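Shown next, in structure tokens, is the structure this report addresses.
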Amino acid sequence: MGVPISKRASKVLVGDLLVKSELVSLAQFADAMPVALKTGLPVGRVLIASGFLPEDSFRQVLTMQSLIRDRLISEEVAVEALKLIATEKLEIGEALKKLGQEGEFFEFTNRLGQLLIESGAITATQRDDALGVSVASGLPMARVLSLRGYVNEHIAFIALIAQALMRDGRIKREKAVELLKIVQGYLKHGSNDKNFRGTLAFGVKRANTIRLGELLLLSGMVQEAELVSAVEKGLSDEEPLGQVLIRVGLVDDVGLSQALTVQEMVNNGILSAHDATYVLERVKSQGVSVSKAIVEQEKDKAKNQTQRKEIKIELDQILACCGLISEVDAERVRELMSHDDAGLDKLLAELGVQEAIVRAASECLKLVNSQKLSEEEATFVLFILTLSEASGESKSLDAILKELGW
């Protein structure tokens, strides 16, 4: 049922989606337009204020508009999905799946949101709000939930890993919900580490598409908080993200044009999503053209391919991945690991990493490097153990592994 990429529209008006999906009538839209023009308010906001359109439906329309702009779905699919959402009370992901259009991003994101709801970590309204920002920006929904203050980063992090393990059949949903509730209990007892540095990007394999916000963020052209703020402005004002970014001075016309060119190359299969971020980063840092940056990127890839060796995860990596140390501190740990055990122990003590955690991390590394656990599984186990230690309810590594059936 997919629509060929070349036939997908990149521009669509909110009003078109509202009327075509029959969320509002043409007469209601016509009544709202003069008010919108007179007040300067977006027409969607006028329709909500007039009682013609529910807030939830409006957010769903804006999410669909973002998907169309990034050429992930066609306008026709968006309209049909909005109709299904309204008539059958479906989630966005469920509607797209029914139309044969759901990708891994939506499947993973929807299940993650449901997992957090079932564990009592967030509400359905918070999930829907974060989903819209996530789609428009390209940021993982867990990161958006954290940035907006809806959920503690520890909860978001453990939910992401749990979701990835559920997908791989390593734990059941009931166990994941139970563990999330336990983590919330630990955090209520004072183990809320404000210096958490865990990654919030577990679980979704990158497809060969990339959203503008995601591309700008990963290439270093904008910062997370700036991107989320711009996305919120765009959603509220019904304005494309690129225009908002120019209006608030985060990018200029040239930078936006280069980013859109690279994004188009990804969508047309010329570049991978992974390579695109490095190409745009090179354009920004070296001031070269997009074509020259691509040539240089291909040279680097060929060079790295010949030098690639099997790399095993090390202590600094797993501690940083669990949020126990920052990336900067991880570099300090790495410098001491090979030649100064005493200095390493002293540094870890200064950073507040307990000896029991270091021993458990070392055991987890052995299991990972012997391929008995994946990196996600080891991080998951060590994270649970760390929170149990911080809450005063010490659990051994063996006990946690046994509880998980590993």
Side-chain angles (χ1 to χ4, degrees), residues 8-92 95-96 123-137 144 147-150 211-213 225-251 253 256 260:
R8 289 179 178 167
S10 58
K11 294 182 180 180
V12 65
L13 298 176
V14 167
D16 291 335
L17 290 177
L18 288 169
V19 174
K20 289 178 180 178
S21 62
E22 301 174 3
L23 290 172
V24 299
S25 68
L26 186 57
Q28 290 170 331
F29 184 75
D31 287 343
M33 275 304 297
V35 179
L37 292 172
K38 184 176 180 180
T39 62
L41 289 171
V43 66
R45 294 295 168 190
V46 174
L47 288 165
I48 292 170
S50 303
F52 295 145
L53 181 67
E55 179 79 32
D56 287 348
S57 296
F58 182 53
R59 282 201 300 266
Q60 290 159 352
V61 169
L62 294 178
T63 298
M64 290 297 181
Q65 184 188 39
S66 294
L67 291 172
I68 295 169
R69 281 176 177 162
D70 285 334
R71 299 172 62 174
L72 297 174
I73 61 174
S74 67
E75 182 179 348
E76 293 80 7
V77 167
V79 168
E80 291 304 313
L82 287 169
K83 288 180 179 178
L84 284 174
I85 291 168
T87 57
E88 300 186 21
K89 309 301 180 186
L90 301 178
E91 305 286 351
I92 291 178
L96 290 174
T123 65
T125 299
Q126 290 170 333
R127 185 252 340 252
D128 293 343
D129 176 52
L131 177 61
V133 176
S134 176
V135 169
S137 66
V144 176
L147 287 170
R148 294 179 75 86
Y150 291 154
R211 275 145 296 196
L212 176 63
E226 295 171 336
L227 178 59
V228 171
S229 178
V231 167
E232 289 171 344
K233 285 185 175 69
L235 292 175
S236 176
D237 299 342
E238 301 171 25
E239 187 177 7
L241 176 60
Q243 292 180 18
V244 176
L245 291 169
I246 290 176
R247 177 161 57 85
V248 300
L250 291 176
V251 299
D253 288 326
L256 178 62
L260 291 172

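Computed from a prediction, not measured in an experiment: that's the story for all the values here. Just so it is clear, the values below take in all heavy atoms, side chains as well, and ignore hydrogens, waters and symmetry mates.
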*Partners meeting side-chain contact (heavy atoms from CB on, under 4.5 Å) with S229 (sequence neighbours left out)*: K233

*Can E75 and K20 be said to form a salt bridge (charged side-chain N to carboxylate O under 4.0 Å, His left out), step by step?*
CA-CA 10 Å; E75 182 179 348; K20 289 178 180 178; 2.8 Å; yes

Side chains of residues 78-90: which donor-acceptor partners sit under 3.5 Å, not counting sequence neighbours?
| unit_1 | atom_1 | unit_2 | atom_2 | d |
| --- | --- | --- | --- | --- |
| T87 | OG1 | K83 | O | 2.8 |
| E88 | OE1 | K98 | NZ | 2.6 |
| E88 | OE2 | K98 | NZ | 3.2 |

Pairs of donor and acceptor atoms involving the side chains of residues 35-45, under 3.5 Å and at least two apart or interchain, shall be tabulated with distances.
| unit_1 | atom_1 | unit_2 | atom_2 | d |
| --- | --- | --- | --- | --- |
| T39 | OG1 | V35 | O | 2.8 |
| T39 | OG1 | L41 | N | 3.2 |
| R45 | NH1 | E55 | OE1 | 3.3 |
| R45 | NH1 | E55 | OE2 | 3.0 |

*asked:* Could you work out, with side chain to side chain donor-acceptor pair (under 3.5 Å) as the rule, every residue matching D31, not counting sequence neighbours?
replied: none

*To the nearest 0.5 Å, tell me how far L62 CG sits from M64 CE.*
11.5 Å

*Which heavy atom in L47 sits nearest to a heavy atom in A32, and how many Å separate them?*
CD2-CB, 3.6 Å

*Could you check L241 against L227 for side-chain contact (heavy atoms from CB on, under 4.5 Å), going step by step and ending with a plain yes or no?*
CA-CA 9 Å; L241 176 60; L227 178 59; 4.1 Å; yes

_Can you tell me how far apart CD (Q28) and CG (L18) are? Round to the nearest 0.5 Å._
10.0 Å

_List the residues meeting side-chain contact (heavy atoms from CB on, under 4.5 Å) with L260, not counting sequence neighbours, and say none if there are none._
L212, L256, Q263

*Can you measure from CG (L17) to OG (S57) and round to the nearest 0.5 angstrom?*
12.5 Å

*Could you pull out all residues at least two apart from D129 that satisfy side chain to side chain donor-acceptor pair (under 3.5 Å)?*
R148, Y150

_Side chain to side chain, T125 and R59, heavy atoms closer than 4.5 Å_ = yes

_Measuring from atom OG1 of T63 to atom CZ of F58, what distance do you get when rounded to the nearest 0.5 angstrom?_
10.0 Å

*Dump the intermediate steps for side-chain contact (heavy atoms from CB on, under 4.5 Å) on D128 and E91, then the final yes or no.*
CA-CA 9 Å; D128 293 343; E91 305 286 351; 4.1 Å; yes

